[in-house]
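Each chain gets a letter, A, B and so on, in the order the sequences are listed, and its residues count up from 1.
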There are 2 protein chains.
Amino acid sequence: MHNDDSFDLQGFLPYLLAQAAETASAGFQRHYKDRYGMLRTEWRVLFHLGRYGPMTAKDIGARARVHKTKISRAVAALETKRFLTRNVVTRDRRQAKLDLTKNGQAAFDDLYKAAQAFDAQLMAGFSRQEGAALKRCLAALAAQ
Amino acid sequence: MHNDDSFDLQGFLPYLLAQAAETASAGFQRHYKDRYGMLRTEWRVLFHLGRYGPMTAKDIGARARVHKTKISRAVAALETKRFLTRNVVTRDRRQAKLDLTKNGQAAFDDLYKAAQAFDAQLMAGFSRQEGAALKRCLAALAAQ
DNA sequence: TATTGTTATACTCTATAACTATA
DNA sequence: TATAGTTATAGAGTATAACAATA
């Protein structure tokens, strides 16, 4: 037993991060999973296409720093759900440009708003400075 | 496309939390996995026994807010690795008091120091105030 | 009947290697 | 040979239901 100081799991940064991330993730999952049957990577892929426009799987991987195998499965699932179409690039037939369908665009519009609202709700407990500092710290930790 | 404002995944709190948590988790996993072949829940159970002394699986679950099935599997794995022993409680034979072995205690001592050092390293990029604020925010988010 | 702990099962997420088809 | 994307597989994490033993 170490009662000589106060270091415990609740003060261990990786543990705190894991708890907070899990809570936040579970909270937002409600939107993309319960409403659209999506998994996390599918929501991220949908987000990129909705936010930045049509692009190839490779483009998404580069932008989001997600491995191509994850993208590949997410794209296949989104295609099955009729949220996007694949269109082979004529000058390099290995690639396919991914376009959101009308349904995909609608799901994005909905989830984009939901994400903003969810983020605002999470940040509501903090002052503007506190919240900004929090996000800066997290970005720095993620970049390690 | 939504170019009318600057909300993107890099600013979405659940995403930032997931990235930071994953990075931190992967960093510390090196210690408990590579050095002792432990999984995350095993390390947490070991921590509780080392930090607060012998207790039952139920006690750990209550303290750490971890489900009994996770505890059960972690305890079984730690017993196989000879890091703890189970001793049936005579007045209620459903329960077993869990005691760290010498090896278990040594692993805890090592990992406890490693955790403190790892935490200090992660926090090194922040001022004392910033770091404290970060941990307060994370605890609040986890408690949602 | 309720509680402690175990087992079974399934789903999510991650990581890597091996493969295809194209270039 | 290299690149875009797919498939297979395994490991890690989570969640829940059903069960045995004991109270």
Side-chain angles (χ1 to χ4, degrees), chain A residues 14-15 17-19 21-30 32-34 36-45 55-80 84-98 142, chain B residues 14-15 17-19 21-30 32-34 36-45 55-80 84-98 142:
Chain A
Y15 180 82
L17 286 166
Q19 300 296 313
E22 195 189 329
T23 300
S25 224
F28 191 66
Q29 192 182 20
R30 199 167 57 77
Y32 61 75
K33 186 183 174 190
D34 294 0
Y36 298 102
M38 288 184 203
L39 300 183
R40 189 200 284 188
T41 310
E42 293 170 46
W43 140 248
R44 288 182 183 170
V45 165
M55 61 181 93
T56 67
K58 185 193 178 183
D59 295 333
I60 298 176
R63 222 182 232 285
R65 284 192 219 101
V66 173
H67 195 267
K68 62 182 181 176
T69 57
K70 288 191 202 176
I71 310 268
S72 175
R73 286 195 172 87
V75 165
L78 289 170
E79 191 185 28
T80 297
L84 61 76
T85 57
R86 303 193 223 208
N87 304 289
V88 170
V89 174
T90 48
R91 66 164 187 211
D92 181 349
R93 289 168 37 233
R94 292 172 301 183
Q95 303 185 47
K97 183 164 69 79
L98 307 169
Chain B
Y15 180 83
L17 285 166
Q19 300 296 315
E22 196 189 328
T23 301
S25 224
F28 191 66
Q29 192 182 20
R30 201 165 57 77
Y32 61 75
K33 185 181 175 194
D34 294 0
Y36 297 103
M38 288 184 202
L39 300 183
R40 188 200 283 187
T41 310
E42 294 171 46
W43 140 247
R44 287 182 183 170
V45 165
M55 61 181 91
T56 68
K58 185 192 178 185
D59 296 333
I60 298 176
R63 221 183 233 286
R65 285 192 218 99
V66 173
H67 195 267
K68 62 182 181 176
T69 56
K70 287 190 205 178
I71 310 268
S72 176
R73 287 196 171 87
V75 166
L78 289 170
E79 191 185 27
T80 298
L84 60 77
T85 58
R86 306 193 220 209
N87 303 288
V88 170
V89 174
T90 50
R91 69 166 186 209
D92 183 347
R93 290 167 38 231
R94 292 173 300 184
Q95 303 185 49
K97 184 164 69 76
L98 306 169

Closer than 4.0 Å, any side-chain N/O of A:Arg86 to the OP1 or OP2 of D:dA4?
-> no
Which heavy atom in B:Arg40 sits nearest to a heavy atom in B:Ser25, and how many Å separate them?
-> NH2-OG, 3.2 Å
Atom pairs under 3.5 Å: protein N/O with N/O of nucleotides 20-23 of chain D:
residue	atom	partner	partner atom	Å
D:dT22	OP1	B:Arg93	NH2	3.2
D:dT22	O2	B:Arg94	NH1	3.4
D:dA23	OP1	B:Arg93	N	2.8

How would you label the contact of A:Ala96 with the nucleic acid (heavy atoms, under 4.0 Å): base, sugar-phosphate, or nothing?
-> sugar-phosphate
In whole angstroms, how far is the C1' atom of D:dT3 from the CG atom of A:Asp59?
-> 14 Å
Heavy-atom closest pair (A:Ala142 atom, B:Thr23 atom, distance to 0.1 Å) is O-OG1, 3.4 Å
Closest approach of B:Val45 to B:Val75 (non-hydrogen atoms, all atoms of both residues) = CG1-CG2, 4.3 Å
Mind running side chain to side chain contact (heavy atoms under 4.5 Å, CB included) on B:Met38 and B:Leu78 for me, showing each step along the way?
-> CA-CA 8 Å; B:Met38 288 184 202; B:Leu78 289 170; 4.2 Å; yes
Let me know the distance between CD of A:Gln19 and P of D:dT14, rounded to the nearest Å.
-> 9 Å
For the student: nearest non-hydrogen atoms of B:Lys97 and B:Val89, plus distance | N-CG2, 3.9 Å
Whole-Å gap separating P (D:dA2) and CD (A:Gln95) | 18 Å
Mind listing the closest non-hydrogen atom pair of B:Ala18 and A:Arg44 along with its distance?
-> CB-NH2, 4.0 Å
Counting only side-chain N and O atoms of A:Ser72, is one of them less than 4.0 Å from OP1 or OP2 of D:dT6?
-> yes
Does the side chain of B:Arg86 come within less than 4.5 Å of B:Leu98's, by heavy atoms?
-> yes
Quick one, give me the B/S/- string for nucleotides 8-17 of chain C, reading 5' to 3', where B means a protein heavy atom under 4.0 Å from the base and S means that only happens at the primed atoms, P, OP1 or OP2.
-> BB--SSSSBB
What pairs with A:Phe28 under ring-ring contact (aromatic ring centres under 6.0 Å, His included), at least two apart in sequence or on another chain?
-> A:His31, A:Tyr32, A:Trp43, A:Phe118, B:Phe12
What is the distance from CD1 of B:Ile60 to C1' of C:dT4, rounded to the nearest Å?
-> 13 Å
